[in-house]
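Scroll down for the structure; my scribbles are underneath it.
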Amino acid sequence: MLPYINAPFAYVSSILGASTDEIKLIFSFYLSYPLAAVLKRIPDKRPWQKNIFIIAISLFYLVGLFDLWGGLLTLAISATGAYLITFIDSPYMPWIGFVFLMSHMSVNHIVRMNVGDDSVVDITGAQMVMIMKLTAFCWNVQDGRLPDSELSNFQKDHRIKELPGILDYAGWVLFFPALMAGPAFDYCDYRRYISITMFALPPGVDPSKAPPTRKKRKIPRSGTPAAIKAVYGTIWIFAYLKFSSWYNTTFLLSDKYMTYSFLRRVFILYMLLVTTRMKYYGVWTLTEGACILSGIGYNGIDLKTGRAKWDRLQNIRPWEIETAENTRAFLGSWNINTNLWLRNYMYLRVTPKGKKPGFRATLATFVTSAFWHGFYPGYYLAFVLASILQTIAKNGRRLIRPLFFTPDGSAPLPSKKYYDIFTILLTQIAFAFTAAPFVFLGFKSSIIVWTRVYFYVFFGVAISFALFSRSLPFRRMLQKMQQDRTTGTAAIKEVVKEEQEALSRQSTNASWMQKEPILGMPEDPEGEVDEIVREVRREIEERRRRGSLVQGFDVRKAVDEKLRQLKKH
């Protein structure tokens, strides 16, 4: 049977140059659309039929399409083990589940490394998605055993007070639109989806403004947003197939790559990372579209437009990534659901109640993310360097960015656009270098590519750490510039002038015939301005002596109050 199934995919792969398994994987994403439409049409009152349909399609994908009998056993072991572990009545239960699941996945990561063939689809991708689900499941069950006083709003919303039945649990674990590549989602979302409570209108919303549905179905129409995602995903996939013929790992490791100038080599490295991201943009957009069509992507109603929102399972924001001005914006728009999983079920869970997350939480999150990805050296090279870049970016943003805003920080200066352009370029070329090991994976090949662009990010890191260190004057100079702009005489005078003009415009219509100076300003306006400056500076200095925050002091508000006092006199 399998040879007959493989034949058409082998033919297409010979035309496109991709492997047979890669073509089958993309085919499964597209096949999920009509199947999701069928799932949506199963009567709402028969959730058991929806569960059976979901499980049947996933079994077809795993063993009918990919012949992953061993992979099916792997998922069964993880899912069954996690379910049984939740019966342990102990505060350490989630950690027991975490260790079991991560250890099980680590074995498969090692097996995949030994095979060393990225063109073959194995079970590790689906298992990585499932690990996010199952570790969250253990925590949600544990939260269901705790009193409300010990839970955050997020925990209350996601807790599980009663273990689901086997059929519901299996339907959630094997949800076919998100089986092979995600996105991951918590059991509470699936429970609300399968019970149709997800689509209930919020209190106070007019029923006439409910999103349109077909016949008596509760799930709103989602064909158009799903189709848009399918189109975008297809464009990204075809762009990846085209660009990968120009920018690929083989080319960067070849002798021809070194015939180009340094700047050209950096640009090619950047384009390699853009091309790699195109693949993920395509895959995650396609799977999100199938989830939207099934209905589980529903995220309530936009109260401003009255339209249904379908971004519950959004995993990628391409525009925000490609125009990111800093590492936080870049990473925050990439693999969003994994970031949320790490935040909610690791970063915040290792932090003692009542305390802020610190170094231990950051380290635990870093280690978890690294182990979750696998054991290729390239992952760890990229993670370590990315964490360093994030530290530098925080310093730069804190010390330099305020200089491109007005002294009170309320509005950007005209020069801010040049700062934005510079930081976008800096972020993109820095991440092109940093994420390269994520593509090459091997230690040797990663170092070769870094050598070919002269380790330019390492030099930037060294210079940045030196400049931002407390031992050199550059950091103190930037801090003084900020302080002078906030508390300096020239800055305050500029604010006084702006506020005078603003108040004058407000009063012109009522006072243009009067001989008295507008706003009651005296004959010596310069002297009065100096007095306002002195008063504002005294207030700032007094705040500093008391230990109050000066950074949050609103100079414009203080000046405005002084001017209005003068008007009364």
Side-chain angles (χ1 to χ4, degrees), residues 21 25 58-59 61-63 66-86 88 92-118 120-142 169-170 172-176 178-187 280 283-284 287 315 335-347 349-350 363-380 382-383 437-438 441-442:
D21 271 13
L25 186 62
S58 291
L59 291 177
Y61 283 173
L62 291 171
V63 300
F66 293 103
D67 197 31
L68 290 173
W69 289 97
L72 177 60
L73 178 61
T74 294
L75 298 185
I77 291 173
S78 289
T80 304
Y83 192 85
L84 294 176
I85 286 172
T86 57
I88 300 174
Y92 299 106
M93 181 273 289
W95 295 114
I96 296 172
F98 175 82
V99 172
F100 163 73
L101 292 165
M102 292 294 287
S103 300
H104 186 208
M105 186 176 64
S106 296
V107 172
N108 287 315
H109 274 313
I110 293 172
V111 171
R112 180 167 178 79
M113 286 180 65
N114 291 332
V115 173
D117 188 355
D118 293 333
V120 176
V121 172
D122 72 347
I123 202 60
T124 53
Q127 191 179 15
M128 290 170 71
V129 176
M130 186 175 290
I131 291 301
M132 289 192 286
K133 287 183 171 183
L134 297 179
T135 52
F137 181 79
C138 291
W139 278 110
N140 298 151
V141 171
Q142 183 67 16
Y169 181 73
W172 167 63
V173 167
L174 295 173
F175 191 71
F176 69 85
L179 176 67
M180 302 302 291
F185 51 91
D186 288 354
Y187 176 74
Y280 291 97
V283 168
W284 285 334
T287 56
N315 204 35
N335 206 354
I336 298 170
N337 288 285
T338 300
N339 289 333
L340 291 175
W341 169 65
L342 290 169
R343 177 184 182 274
N344 293 319
Y345 299 109
M346 178 53 61
Y347 185 69
R349 300 289 178 163
V350 299
L363 180 62
T365 304
F366 165 78
V367 173
T368 300
S369 182
F371 269 75
W372 181 77
H373 280 90
F375 301 103
Y376 283 104
Y379 293 146
Y380 297 85
F383 273 123
F438 231 91
L441 298 179

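These numbers were taken from a predicted model, which means no experiment stands behind them.
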Name the orientation class of the two ring planes belonging to Phe375 and His109 (parallel below 30°, tilted from 30 to 60°, perpendicular beyond 60°).
perpendicular
Nearest-0.5 Å distance, CD1 of residue Ile96 to CG of residue Leu101
11.5 Å
Would you say that Met346 contacts Phe98 through its side chain, given a criterion of any heavy-atom pair below 4.5 Å between the two side chains?
yes
Of the non-hydrogen atoms in Ala370 and Tyr380, which two are nearest, and what is the gap between them?
CB-CE2, 3.3 Å
Val129 side chain near Leu179 side chain, heavy-atom distance below 4.5 Å
no
Any side-chain heavy-atom pair of Gln127 and Ile131 under 4.5 Å:
yes
In Å and rounded to the nearest 0.5 Å, what is the CG to CG distance from Asp21 to Leu68?
8.0 Å
Look up atom CD in Gln142 and atom CD1 in Ile88, then write down how far apart they are to the nearest 0.5 Å.
10.5 Å
Point-to-point distance, once rounded to the nearest 0.5 Å, from OG of Ser58 to CE of Met180
9.5 Å
Could you tell me how the ring of Phe100 sits relative to the ring of His104: parallel (under 30°), tilted (30 to 60°) or perpendicular (over 60°)?
parallel
So does Phe185 get a backbone contact from the side chain of Trp172, meaning a donor-acceptor N/O pair under 3.5 Å?
yes
Main chain of Trp284, side chain of Thr287: is a donor-acceptor contact present, judged purely on distance under 3.5 Å?
yes
Val367 meets the side-chain contact (heavy atoms from CB on, under 4.5 Å) criterion, sequence neighbours left out, with Leu363, Phe371
Could you check if a side-chain atom of Leu134 sits within less than 4.5 angstrom of a side-chain atom of Val173, using non-hydrogen atoms only?
yes
Would Asn339 and Trp341 count as having a side-chain donor-acceptor pair, cut-off 3.5 Å?
no
Just so I know, are the side chains of Thr365 and Val350 near enough to count as touching, which here means a heavy-atom distance under 4.5 Å?
no
For side chain to side chain contact (heavy atoms under 4.5 Å, CB included), just list the numbers for Phe438 and Tyr376, CA-CA rounded to whole Å, side-chain angles, deciding distance to a tenth of an Å, and then say yes or no.
CA-CA 9 Å; Phe438 231 91; Tyr376 283 104; over 6 Å; no
Check whether more than 12 heavy atoms from other residues, nucleotides or ligands sit under 6.0 Å from atom CZ of Phe383, and answer yes or no.
yes
Closest non-hydrogen contact found for Asn337 with Pro183 is ND2-CB, 3.5 Å
Side chain proximity check, Leu72 to Phe66, heavy atoms < 4.5 angstrom:
no
If you measure from OH on Tyr83 to OH on Tyr169, what distance do you get to the nearest 0.5 Å?
8.0 Å
Got more than 12 heavy atoms from elsewhere within 6.0 Å of CZ, Arg349?
yes
Can you name the salt bridge (charged side-chain N to carboxylate O under 4.0 Å, His left out) partners of Asp186, sequence neighbours left out?
none
Side chain to side chain, Leu342 and Met132, heavy atoms closer than 4.5 Å
no
Any Thr368 side-chain heavy atom under 4.5 Å of Phe366 side chain
no
Distance in Å, Trp95 CH2 paired with Thr135 OG1, rounded so as to fall on 0.5 Å steps
10.0 Å
Residues two or more places apart in sequence or in another chain: which of them pass side chain to side chain donor-acceptor pair (under 3.5 Å) with Asn335?
Asn315, Thr338
Excluding sequence neighbours, so at least two apart, what forms side-chain contact (heavy atoms from CB on, under 4.5 Å) with Thr86?
Met93, Phe137, Cys138, Val141, Leu163
Salt bridge (charged side-chain N to carboxylate O under 4.0 Å, His left out) partners for Arg112, two or more places apart:
Asp118, Asp122
I need the full list of salt bridge (charged side-chain N to carboxylate O under 4.0 Å, His left out) pairs touching residues 128-138, with sequence neighbours left out, sorted by first then second residue.
none
